[in-house]
Amino acid sequence: MDKKSNLQRLWKPGLKVLLSALALFIVFRKTGIEPLIDVLSKANLLWFIIALVFFNFSKILSSLRLNLFFKAIGLNLTEIFNLRLYYVGMFYNLFLPGGIGGDAYKLFYLKNKFDHSGKQLFHSIFLDRLTGLAGLIFLMLGMVVFSRHIFNQLPNWVSIVVVVATILVYPLLWLFLKVFYKKFLNVFWMTNLQGLLVQALQVVAAYFLLSSIGVTTAWIDYLILFLASSVITIIPFTIGGLGARELVFIIAAQWTMAIEELAVSLGLLFFIITAISSLSGVFIKIPPQKKA
């Protein structure tokens, strides 16, 4: 039984490592490793640090958004308590991908500590993720609309779909909550504003990463690719999106003015700042909850 349970625990992280390795193999075969090493080795450290700061601003704001969903179900956590829990969850997500994930960790921890409904906690975390996805899609489609180079390449019917989808992202999300999650409608506008700002801060972080590797043109093309890759990495089939993001850059770069090596370097640098930020979770101790 022990061997069987060990195998069950290992197959998920093993599969993620394998998929990340396979995706990176495809990417490196296309771009070559030497050009990437050359780009990364010349990255400007100051811009990299600024990108790291903006990325963590986005995570702090994301934790505030999640806490609004918790408050909607009557779970009143202090912001600092929730932030500590959020960073520990980030560590679980990236460095323990085959065990309990970050969202599951938060759910079980809060359920056991506060004897709160697991179903309500799940709905809060699910809607927090959905709100982030809505902001991501809205920002990405909006940038496509304002990118003449990319938008003009689209067939007319696709252009219409993109414009209509951009307009309908938030009305459809509101309707979804109206039908299935009425309890959370009172936090709809604030959480979605925060969700949009979270994605905007990550775009700013990506902008500074691009600056660190000397990108001076076609900013919007790189940033659209970055947002598109972020949509893909929501599905956790690789380690922290490593490989998946870079593969998206390689596949989609042909429709933009982005240079493949620079786009892939952006993906690798973004993984590095994610890893650095997530690693801080191992040093965080969650203190007893104080009254909010």
Side-chain angles (χ1 to χ4, degrees), residues 23 26-27 30 54-55 58 61-62 65 126-181 185 188-210 215-238 241 243-260 262-267 270:
I26 295 171
V27 169
K30 184 74 165 60
F54 273 95
F55 176 79
S58 79
L61 185 56
S62 189
R65 181 187 69 204
F126 167 70
L127 289 176
D128 176 68
R129 290 286 186 173
L130 190 61
T131 299
L133 178 61
L136 188 58
I137 292 174
F138 178 81
L139 200 56
M140 179 186 67
L141 294 178
M143 290 178 73
V144 169
V145 171
F146 284 100
S147 171
R148 286 190 175 185
H149 172 71
I150 296 177
F151 192 73
N152 290 340
Q153 293 185 68
L154 300 175
N156 288 336
W157 70 271
V158 175
S159 301
I160 294 171
V161 169
V162 169
V163 172
V164 171
T166 305
I167 295 170
L168 290 181
V169 168
Y170 286 111
L172 287 176
L173 182 58
W174 182 88
L175 184 62
F176 177 74
L177 264 67
K178 178 72 174 176
V179 174
F180 298 105
Y181 295 101
L185 278 175
F188 175 84
W189 296 111
M190 182 56 70
T191 54
N192 278 284
L193 175 60
Q194 290 176 332
L196 191 57
L197 289 174
V198 165
Q199 301 306 332
L201 285 170
Q202 295 208 6
V203 167
V204 173
Y207 171 86
F208 283 114
L209 289 177
L210 289 169
V215 174
T216 57
T217 59
W219 292 101
I220 195 167
D221 292 54
Y222 286 100
L223 295 176
I224 289 171
L225 288 176
F226 169 76
L227 290 169
S229 69
S230 296
V231 174
I232 298 299
T233 56
I234 287 175
I235 305 171
F237 57 85
T238 62
R245 188 184 296 276
E246 292 75 16
L247 193 57
V248 171
F249 286 144
I250 288 294
I251 294 171
Q254 59 185 304
W255 292 292
T256 72
M257 297 175 66
I259 299 171
E260 289 179 347
L262 295 176
V264 170
S265 297
L266 167 62
F270 192 79

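The CD1 atom of Ile137 sits 11.0 Å away from the CG atom of Leu139 when rounded to the nearest 0.5 Å. Taking CG from Leu172 and CG from Leu177, the interatomic distance works out to 12.0 Å, rounded to the nearest 0.5 Å. In this structure, CG on Leu209 lies 11.5 Å from CZ on Phe54, to the nearest 0.5 angstrom. Atom OG in Ser62 sits 5.5 Å away from atom CG in Asp128 (nearest 0.5 Å). In this structure, CG in Leu223 is found 9.0 Å from OH in Tyr207, a value given to the nearest 0.5 Å. Distance check, rounded to the nearest 0.5 Å: CZ of Arg65 to CG of Leu193 gives 11.0 Å.
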(message) Using the rule given for ring-ring contact (aromatic ring centres under 6.0 Å, His included), can you reason through Phe270 versus Phe55, listing the C-alpha separation, both sets of side-chain angles and the distance that settles it, and then say yes or no?
(response) CA-CA 9 Å; Phe270 192 79; Phe55 176 79; 5.4 Å; yes
(request) For side-chain contact (heavy atoms from CB on, under 4.5 Å), just list the numbers for Trp174 and Leu185, CA-CA rounded to whole Å, side-chain angles, deciding distance to a tenth of an Å, and then say yes or no. (result) CA-CA 8 Å; Trp174 182 88; Leu185 278 175; 3.7 Å; yes
(request) I would like to know whether Tyr170 and Leu175 meet side-chain contact (heavy atoms from CB on, under 4.5 Å); could you show each step before the answer? (result) CA-CA 8 Å; Tyr170 286 111; Leu175 184 62; over 6 Å; no
(request) Quick one: do Leu141 and Val145 satisfy side-chain contact (heavy atoms from CB on, under 4.5 Å)? Show the steps, please. (result) CA-CA 6 Å; Leu141 294 178; Val145 171; 5.6 Å; no
(message) Run the side-chain contact (heavy atoms from CB on, under 4.5 Å) test on Thr256 and Ile150 for me, step by step, so that the C-alpha distance in whole Å, both residues' side-chain angles and the decisive distance to 0.1 Å come before the verdict.
(response) CA-CA 6 Å; Thr256 72; Ile150 296 177; 3.8 Å; yes
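Contact detail for Ala206 and Leu266: the closest heavy-atom pair is O-CD1, 3.7 Å. Between Phe151 and Val144, the shortest heavy-atom contact is CB-O, 3.3 Å. Shown here for Leu225 and Ala258, the closest heavy-atom pair between the two residues is CD1-CB, 3.7 Å. The two residues Met143 and Ile220 make their nearest non-hydrogen contact at O-CD1, 3.5 Å. When every heavy atom of Gly195 is checked against every heavy atom of Thr131, the shortest pair comes out as CA-CG2, 4.3 Å. Contact detail for Asp221 and Met257: the closest heavy-atom pair is OD2-N, 2.8 Å.
Ring centroid separation for the pair Tyr222 and Phe249 does not come in under the 6.0 Å cut-off.
In Phe176, the CZ atom is crowded: over 12 heavy atoms of neighbouring residues, nucleotides or ligands sit closer than 6.0 Å. Counting non-hydrogen atoms of neighbouring residues, nucleotides and ligands closer than 6.0 angstrom, the CG atom of Asn156 reaches no more than 12 such neighbours.
Put simply, the residue from Leu227, Leu133, Leu173, Val169 that forms a side chain to side chain contact (heavy atoms under 4.5 Å, CB included) with Phe138 is Val169.
Every residue two or more places apart in sequence or in another chain that forms a side-chain hydrogen bond (donor to acceptor under 3.5 Å, both in side chains) with Ser230 is listed here: Arg245.
Residues Val162 and Ser159 form no side-chain contact, since every pair of their non-hydrogen atoms from C-beta on lies 4.5 Å or further apart. Looking at Leu262 and Leu210, their side chains never come closer than 4.5 Å, going by heavy atoms from C-beta outward.
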